[in-house]
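Quick notes on the structure that follows.
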Amino acid sequence: QVQVDESGGGLVQAGDSLRLSCTISGRTFSSYNTAWFRQTPGNEREFVAAIKWNGAATVYADSVKGRFAISKDGPKHTVYLQMNSLKPEDTAVYYCATEATRQRNNPPRLPKDYDYWGQGTQVTVSS
């Protein structure tokens with residue numbers, strides 16, 4: 001059974017940094033694309049960043065490009081989201097998600113394309 005566990009959220013001030021972690025267990029870690037999404041109350045889940053299964057490519061939403069960085073650590077079975085220069089509009093619940101399809105070429109950006117989700121971690125950025 002695949003399990004996705006996020007951690008690292010918290011309350012920070014504008015301009016601060018935060019690193020989220022996503023640990024995936026229950027299957028071979030390195031063969032699946034993984035992404036981060038975020039959601040605020042009353043809104044749909046929004047794509048933030050994704051990393052290809054082999055780490056060779058990353059994609060970002062325009063709103064976080066240049067400030068956020070997604071990476072993965074194979075031996076630790078963990079995907080990270082380093083968030084720098086945080087803004088109040090980054091406040092959301094952040095979710096990690098991973099696919100069930102092995103080694104798909106391009107990480108998708110739509111929530112419906114991801115099969116396994118974590119419970120979410122709250123990030124709050126004060127002004």
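Start at 1 with the first residue, then count along the sequence.
Smallest separation of non-hydrogen atoms from Phe47 and Ala61: O-CB, 3.4 Å.
Side-chain contact between Val123 and Leu20 is present, with heavy atoms from C-beta onward closer than 4.5 Å. Taking the side chain as every heavy atom from C-beta outward, Arg109 and Val59 approach each other to under 4.5 Å. For the pair Arg38 and Ser63, the minimum side-chain heavy-atom distance is below 4.5 Å. Residues Thr78 and Phe29 have side chains not in contact (no heavy-atom distance under 4.5 Å, counting atoms from C-beta outward). Looking at Thr34 and Cys96, their side chains come closer than 4.5 Å, going by heavy atoms from C-beta outward.
Relative orientation of the Tyr114 and Phe37 rings is perpendicular, given thresholds of 30° and 60° on the angle between their planes.
Of the possible donor and acceptor atoms, none in the side chain of Arg27 sits under 3.5 Å from a partner among the backbone N and O of Val2. With hydrogens and angles disregarded, no donor-acceptor distance shorter than 3.5 Å links the side chain of Glu6 to the backbone of Thr121.
Here the OH-CD1 distance, from Tyr116 to Ile24, works out to 11.0 Å after rounding to the nearest 0.5 Å. Rounding to the nearest 0.5 Å places CD of Glu99 at 7.0 Å from CG of Asp115. For the atom pair CD (Gln82) and OG (Ser21), the distance works out to 9.5 Å, reported to the nearest 0.5 Å.
Among Arg104, Arg102, Gln103, the one residue that satisfies the side chain to side chain contact (heavy atoms under 4.5 Å, CB included) test with Asn33 is Arg104.
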Run Met83 and Val125 through side-chain contact (heavy atoms from CB on, under 4.5 Å) and show every step you take. CA-CA 11 Å; Met83 305 186 295; Val125 184; over 6 Å; no
Does Tyr95 form a side-chain contact (heavy atoms from CB on, under 4.5 Å) with Val4? I'd like the steps, not just the answer. CA-CA 9 Å; Tyr95 296 91; Val4 180; over 6 Å; no
Start with the C-alpha gap between Lys52 and Asn105, add the side-chain angles, then the distance that decides, and say whether side-chain contact (heavy atoms from CB on, under 4.5 Å) holds. CA-CA 7 Å; Lys52 190 173 178 178; Asn105 192 33; 3.0 Å; yes
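Remark: Gln119 CD is packed, more than 12 non-hydrogen atoms of other residues, nucleotides or ligands lying under 6.0 Å away.
Inspection of the Thr124 and Thr91 side chains reveals no N or O donor paired with an N or O acceptor under 3.5 Å.
A salt bridge between Asp90 and Lys87 is absent, with no side-chain N of the basic residue lying under 4.0 Å from a carboxylate O of the acidic one.
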